[in-house]
Amino acid sequence: MHPGQFQITHTDGQARRGELFTAHGPIQTPAFMPVGTQASVKSLSPHDLTDIGAEIILGNTYHLYLRPGHELVARLGGLHTFSSWDLPILTDSGGYQVFSLSALRKLTSEGVEFRSHIDGSKHWFTPEKVMDIQVKLGSDIMMVLDECVSYTADWNYTRDSVSLTTDWARRCLQASPPDSGSQLLFGIVQGGFFSDLRTRSAEEITPLPFSGFAVGGLSVGEPKEIMLDILAHTVPLLPGHKPRYLMGVGTPLDLVDGISHGVDMFDCVLPTRNARNGTLYTSQGKINIKRQEFRADDTALDPACSCYTCRTFSRAYLRHLYTARELLAYRLNTIHNLAYYLELMRRARQAIAAGTFADLHREIQGVFKGAQDLKEE
RNA sequence: GGAGGGGUACCCAAGUGGCCAAAGGGAGCAGACUGUAAAUCUGCCGGCGUAAGCCUUCGGAGGUUCAAAUCCUCCCCCCUCCA
């Protein structure tokens with residue numbers, strides 16, 4: 001099995017269950033990839049991650065370039081050795097920072113000039129540079145440099161942005177051809193919130209020899225229905241035999257929705273960030289562990305969960321740790337939220353293999369959508 | 001006994017005639033977070049009321065004033081120094 005090979009073993013409707021091979025081993029799909037921007041999934045050790053069954057994590061090109069520097073990481077043996085993580089790593093290109101740090105950058109057709117969020121110094125990112133950085137980091141899956149456009153971008157702006165992203169995708173391929181090493185390179189379809197531009201972007205990106213294709217630019221503040229509409233429109237435009245990656249999404253329900261449309265890979269900061277902010281995902285829905293109601297609750301966080309946190313501690317203790325700002329709170333909460341996400345993916349894979357994915361989809365809709373509707377009424 | 005400083009909302013603390021139901025913090029309560037500038041941010045936080053508004057609060061009691069947390073008198077309590 002060579003890196004880049006993708007085998008789909010089962011399908012259930014549009015949902016697929018598969019396996020993607022990388023230089024650091026296989027990834028079972030559908031997969032959720034915890035985000036470890038700065039070569040660390042915040043508050044967790046690699047052991048914590050393997051313990052809950054993480055098979056791949058993310059790193060970020062922009063952040064690691066700035067600190068500690070890709071040259072240094074390369075000298076120290078690459079990202080895997082540097083961070084003692086032996087399993088696959090996907091590095092995002094910095095395309096998201098074009099969006100999230102829009103106040104600190106200038107975009108030209110040639111590339112992006114960032115003013116460092118750390119010290120204000122100027123840094124020039126081109127597709128070629130971003131490839132060079134990711135090659136030196138040694139990630140298993142590299143992402144092309146793209147422009148993640150905001151929800152407010154109009155058609156004309158988004159049209160030009162699609163052209164830019166396509167041009168950059170070609171340049172990334174040129175800088176790092178598919179057969180040049182064991183690192184995979186994924187293309188990214190953009191097109192904002194205009195179906196015709198999504199189509200155009202897919203038509204331009206998907207013929208290129210990438211190992212997989214991502215849908216970018218979603219969950220940037222748009223209403224959920226719009227996100228789902230664009231997703232439903234875009235995923236079928238991606239080649240069926242290659243992995244499909246929905247970038248930056250999402251909630252547990254988003255993941256299941258995505259899988260139902262044929263998405264294979266997801267990443268999102270939500271489970272880790274929310275864990276640090278007290279919002280925890282359980283089989284009974286989303287709970288805020290800070291709430292008064294858990295003050296004396298001696299039950300497990302989620303009785304249906306078998307993670308270390310749920311096996312060992314009570315809600316009352318977790319609330320206490322959070323309230324007292326104890327560092328352990330961040331780790332225990334993060335372990336749980338990621339365990340929940342990874343278990344959800346495991347169940348999705350099993351359900352697809354068993355042909356019962358629709359049941360799981362309905363169950364998750366009931367847990368999260370139901371709770372949301374109740375709250376809104 | 002003498003000299004000085006101080007008592008403000010659950011806590012700390014600003015305010016020294018009207019713009020004060022009273023700055024800031026903290027605590028408390030609730031919410032947000034989607035390819036991480038995030039262990040961050042937002043809202044509420046005397047009582048009643050949906051609101052306009054009304055009522056009760058700045059140690060206590062009196063007083064001055066159109067108006068007092070703020071000025072005056074007396075009293076109570078706390079802290080520091082001196083004897």
Inset, instruction - Identify whether any heavy atom of A:G221 sits under 4.0 Å from a base atom; if not, whether one sits that close to sugar-phosphate; answer base, sugar-phosphate or nothing. - result: nothing

Inset, instruction - Would you indicate what A:S116 reaches in the nucleic acid, counting non-hydrogen atoms under 4.0 angstrom: base, sugar-phosphate, or nothing? - result: nothing

Legend entry - A:N288 side-chain proximity, nearest of B:A30, B:G31, B:C33: B:G31

Inset, instruction - Select base, sugar-phosphate, or nothing to describe what A:L246 touches, counting heavy atoms under 4.0 Å on all strands. - result: nothing

Legend entry - Nearest-Å distance once atom P is located in both B:G59 and B:U42: 33 Å

Inset, instruction - Give a yes or no on whether A:Q14 atom CD has more than 12 heavy-atom contacts from other residues, nucleotides or ligands under 6.0 Å away. - result: no

Legend entry - Side chain A:R273 and base B:A38 donor-acceptor under 3.5 Å: yes

Legend entry - For B:G17, the Watson-Crick or wobble counterpart (both distances under 3.5 Å): none

Legend entry - Whole-angstrom distance between B:G49 and B:G60, as gauged at atom C1': 32 Å

Inset, instruction - Return the 5'-most residue of the pair A:K224, A:Y322 with respect to RNA chain B, ranking by each residue's nearest nucleotide. - result: A:K224

Inset, instruction - For B:G17 and B:G1, measure between their P atoms and round to the nearest Å. - result: 34 Å

Inset, instruction - Could you tell me whether A:H320 and A:F313 have their ring centroids closer than 6.0 angstrom? - result: no

Inset, instruction - Taking atom CG of A:D86 as the centre, report whether more than 12 heavy atoms of other residues, nucleotides or ligands fall under 6.0 Å from it. - result: no

Inset, instruction - Looking at every strand, decide which applies to A:D267 at a 4.0 Å heavy-atom threshold: base, sugar-phosphate, or nothing. - result: sugar-phosphate

Legend entry - Any strand: nucleotide that pairs with B:U40 via Watson-Crick or wobble, under 3.5 Å: B:A32

Inset, instruction - Remember a base hit wins even if backbone is also touched, and classify A:T91 as base, sugar-phosphate or nothing at under 4.0 Å, heavy atoms. - result: nothing

Legend entry - Atom pair OG1/CD of A:T165 and A:Q190 - distance to nearest 0.5 Å: 5.0 Å

Legend entry - Closest to the A:R276 side chain, choosing from B:A39, B:A37, B:C33: B:A39

Inset, instruction - Using a heavy-atom cut-off of under 4.0 Å over every strand shown, decide if A:L101 touches base, sugar-phosphate, or nothing. - result: base

Inset, instruction - Remember a base hit wins even if backbone is also touched, and classify A:N60 as base, sugar-phosphate or nothing at under 4.0 Å, heavy atoms. - result: sugar-phosphate

Legend entry - Centroid separation A:Y62 to A:Y65 less than 6.0 Å: no

Inset, instruction - Compare the minimum distances between each of B:U34, B:U36, B:G35 and the side chain of A:M247, then state the nucleotide with the smallest one. - result: B:G35

Inset, instruction - May I ask which nucleotide in the shown strands pairs with B:A67, Watson-Crick or G-U wobble, both distances under 3.5 Å? - result: none

Legend entry - Identified pairing partner of B:G46, criterion: Watson-Crick or G-U wobble below 3.5 Å: B:C55

Inset, instruction - Determine the interatomic distance between C1' on B:C58 and the same-named atom on B:C20; round to the nearest Å. - result: 10 Å

Inset, instruction - Quick one: look up who B:G4 pairs with, Watson-Crick or G-U, both distances under 3.5 Å, and put none if it's unpaired. - result: B:C79

Legend entry - Sugar-phosphate, base or nothing in reach of A:S43, heavy atoms under 4.0 Å: nothing

Legend entry - Short N-O contact, A:R200 and A:E203, less than 4.0 angstrom: no

Legend entry - Selected nucleotide, minimal atom distance to A:I188 side chain, candidates B:A38, B:G35, B:A32: B:G35

